[in-house]
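Proteins come first, then strands; the chains are lettered A, B, ... in the order of their sequence lines, and each starts at number 1. Only this structure's heavy atoms are used, side chains among them; waters, hydrogens and symmetry mates stay out.
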There are 2 protein chains.
Amino acid sequence: MVRDHVDHIETTLQDAILDGRYADGERLDETRLAEQFGVSRTPVREALRRLAATGLARQHANRGTFVRQPGPLDLYEMFQVMARLEAFCAELACARVAPSAIAALRALNDACAAAATQGDVDRYYGANEAFHQRIYAESGNDFLAETCQTLQRRLRPYRRTQLRTPGRLAQSLAEHAQVIDAIEARQPRKASALLRDHVSVQGERFHRLMSHWRAREGQGASG
Amino acid sequence: MVRDHVDHIETTLQDAILDGRYADGERLDETRLAEQFGVSRTPVREALRRLAATGLARQHANRGTFVRQPGPLDLYEMFQVMARLEAFCAELACARVAPSAIAALRALNDACAAAATQGDVDRYYGANEAFHQRIYAESGNDFLAETCQTLQRRLRPYRRTQLRTPGRLAQSLAEHAQVIDAIEARQPRKASALLRDHVSVQGERFHRLMSHWRAREGQGASG
DNA sequence: GCAAGCGATATTGTATACAATAATCTGGGC
DNA sequence: GCCCAGATTATTGTATACAATATCGCTTGC
């Protein structure tokens, strides 16, 4: 892969947008960004093109680039898709999972539990993502795994919100354990249903939360 | 959206790559492309960045941009995912489909049949894509619909291959009709299973075809 | 005769200068 | 006092010049 200014700028901006440090509709000024990064406009422009290509920004001819943050409805839709994709991963994993992979999954869930006990939110999320990513990998379908990872990354900042719900964390760990058991027992139907609901519930809780917050739906409709 | 040189170049190259006019690993020379399009290297570079961002090309630092065509294994994986995504569309459609949409789907399948009878391959594929896209839209999930459309576009050139199989075309039309019936009857399980198999079978046929052709697997592994 | 190091060359990466387009502000007319 | 039109200004879009890096061929030493 490329490892130059463009790549650095793209990654930095991507993280900033995905971590919510840019509001929806915020303008990405080429000149200003160029100054910030200490480079000319050229690499900045190329980075912005890439962001636009991946859907994180939108470009209007002769008018500039603007951050595109998903609205509540978009997020709900994305969680729905994520749930199905992960469920498919679990289903496929049943057909080819090795004992070592099961052990690895249990270890990752234990790491989640340990981080949760210590109240280390960041480490919890790291371990949680690793757990899910391991399931993607165990699907054996590289394209599916990559798709899942991209979507997971996009949903990352919004997952954190729903951690506040008391009791949800322990339940999440239990659900993980159930998923592992189902995969180990090679029950594709059960494993996929469990994981689907596990992810779905996050999206639904989040959606409910946002809807209660504000009823400003449709402001960032996809398309 | 942007409507400038960059956009034009990107679209043109994208179509060329997706239509198979570029071989895997072929180099996309900036200077040469700039001459071809009658512009400077700048817009070409930005277009190439976007292609790289969408996965159609790969960039190596200080070495250039190279076309990334999926290998047989990649395509098999993509068809698998496509099948599940479309199945999910059908499932969701059951919950909200209107009589007018059912009529529209039937009309589109009739258009497929008409084109098939006349032996108009291009028109058949156009109508076929429209049929599938209508189902995406009827899912009511814009993100899902957009994802499906992107993937459909990427798989387009490879779908054509399997049309040659005698009898497959008529069977395909019949399967479409079954899917419509299931959606109309609001049977989500049935509708999704039917559509999943309809798409899966294409991927599997294609995979078998390619495997028989050459056993050069893994040459273009994703990652 | 072969390998390793060095230099020439070609290509990418970046900076800057200029052109074109759109938004804004100001002035005049109604 | 409000609205429309033209000029101004700011910002994007493109071209070109230059710098840096990788590849390839050559020479030189073993």
Find the distance [X]:[atom1] to [N]:[atom2] and express it as a whole number of Å.
X     : N      : atom1 : atom2 : answer
A:Q59 : D:dT14 : CD    : C1'   : 15 Å
B:N62 : C:dT14 : CG    : C1'   : 11 Å
A:F37 : C:dG13 : CZ    : C1'   : 17 Å
A:H60 : C:dA22 : NE2   : P     : 13 Å
B:L48 : C:dG13 : CG    : C1'   : 13 Å
B:I9  : D:dG13 : CD1   : P     : 13 Å
B:R49 : C:dG13 : CZ    : C1'   : 8 Å
B:E46 : C:dT14 : CD    : C1'   : 13 Å

Counting distance only, does the side-chain N/O of [X] pair as donor-acceptor with the main-chain N or O of [Y] below 3.5 Å?
X      : Y      : answer
B:Q118 : B:A115 : no
B:Q69  : B:Y22  : yes
A:R96  : A:E138 : yes
A:E30  : A:R45  : no

Under a plain distance cut-off of 3.5 Å, with no hydrogens placed, do [Y] and [X] share a side-chain donor-acceptor pair?
X      : Y      : result
A:Q14  : A:R153 : no
A:R49  : A:Q59  : yes
B:H132 : B:E86  : yes

Angle between ring planes, B:H60 versus B:F66, binned at 30° and 60°: parallel, tilted or perpendicular?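 Perpendicular.
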Pairs under 3.5 Å (N/O, protein and nucleotides 7-9 of chain C):
none

Does the distance from a Lys or Arg side-chain N to an Asp or Glu carboxylate O, for B:E46 and B:R50, drop under 4.0 Å?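 No, this pair does not count.
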Note: B:E91-B:R84 ion pair, threshold 4.0 Å (strictly below):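 Between B:R84 and B:E91 there is no salt bridge, as every charged N stays at least 4.0 Å from the carboxylate O atoms.
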When you compare the protein's N or O atoms with those of nucleotides 15-18 of chain D, which come within less than 3.5 Å of each other, and at what distance?
from, atom 1, to, atom 2, distance (Å)
D:dA15, OP2, B:S40, N, 2.6
D:dA15, OP2, B:S40, OG, 2.9
D:dA15, N7, B:T42, OG1, 2.9
D:dT16, O4, B:T42, OG1, 3.4

Any residue in residues 27-35 of chain B with a heavy atom nearer than 4.0 angstrom to DNA chain D? Just list them by number, or reply none.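 Heavy-atom cutoff 4.0 Å gives no residues at all.
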Test side chain to side chain donor-acceptor pair (under 3.5 Å) applied to A:R168 and A:Q202, step by step: CA-CA 10 Å; A:R168 173 70 198 138; A:Q202 298 183 56; 5.6 Å; no
Given D:dT11, is OP1 or OP2 found less than 4.0 Å from the side-chain N or O atoms of A:R63?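 No, A:R63 has no side-chain N/O under 4.0 Å of OP1/OP2 on D:dT11.
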